[in-house]
Amino acid sequence: FEAARNNLAELYATQMNRPEDALLHWKAASCPANAHNNLAAVYLGAGRWDEARRELEKALAIRFQFPEAQRNLQILAARTGGTIQL
């Protein structure tokens, strides 16, 4: 059911503006750090830099050595002038 949960989470995050519901589905399908990273990716795609940064902070607070979140942090830095403070 992981694919179904991921699809529901994506729908909640992108179309319904219900990030808490999206996080619940992503957490059930994976882990909390991945859930926050996924939401950050949605925010990056929408140009919502502050929200993306907050979600990446949460993901990295849970799991600091998390390559996917670190990559998203690099993307965020590139799109916002090159520096990010956590």
*asked:* Could you measure the distance from the CG atom of L73 to the CD atom of E68? Nearest 0.5 Å is fine.
replied: 13.0 Å

*Atom pair CD/CD1 of Q70 and I75 - distance to nearest 0.5 Å*: 12.5 Å

*Would a 4.5 Å heavy-atom cut-off, applied to side chains only, mark V42 and N38 as touching?*
no

*Output, in order, the C-alpha distance, side-chain angles, deciding distance and verdict of salt bridge (Lys or Arg N to Asp or Glu O under 4.0 Å) for E2 and R5.*
CA-CA 5 Å; E2 182 178 345; R5 284 200 175 271; over 6 Å; no

*For P67 and Q65, work out which heavy atoms get closest and say how close.*
CD-O, 3.7 Å

_Closest non-hydrogen atom pair, A22 against A9_ = CB-O, 3.3 Å

*In chain order, what residues pass the side chain to side chain donor-acceptor pair (under 3.5 Å) check against N72, with sequence neighbours excluded?*
N37

*Check whether any side-chain heavy atom of N34 lies under 4.5 Å from a side-chain heavy atom of F66, and answer yes or no.*
yes

_Just so I know, are the side chains of L44 and W49 near enough to count as touching, which here means a heavy-atom distance under 4.5 Å?_
yes

*Salt bridge present between R54 and E57 (N-O < 4.0 angstrom)*: no

_For the CD atom of E10 and the CE atom of M16, what is their distance to the nearest 0.5 Å?_
13.5 Å

*Return yes if some donor-acceptor pair links the side-chain N/O of S30 with the main-chain N/O of W26 below 3.5 Å, else return no.*
no

*Distance from R48 atom CZ to Y43 atom OH, nearest 0.5 Å?*
4.5 Å

*H25 and N6: CA distance, side-chain angles, deciding distance, side chain to side chain contact (heavy atoms under 4.5 Å, CB included) verdict*: CA-CA 7 Å; H25 284 285; N6 284 328; over 6 Å; no

*What distance separates R71 CZ from L56 CG, expressed to the nearest 0.5 Å?*
12.0 Å

*Could you grab the distance from atom NE2 of H36 to atom CG of L60, nearest 0.5 Å is fine?*
11.0 Å

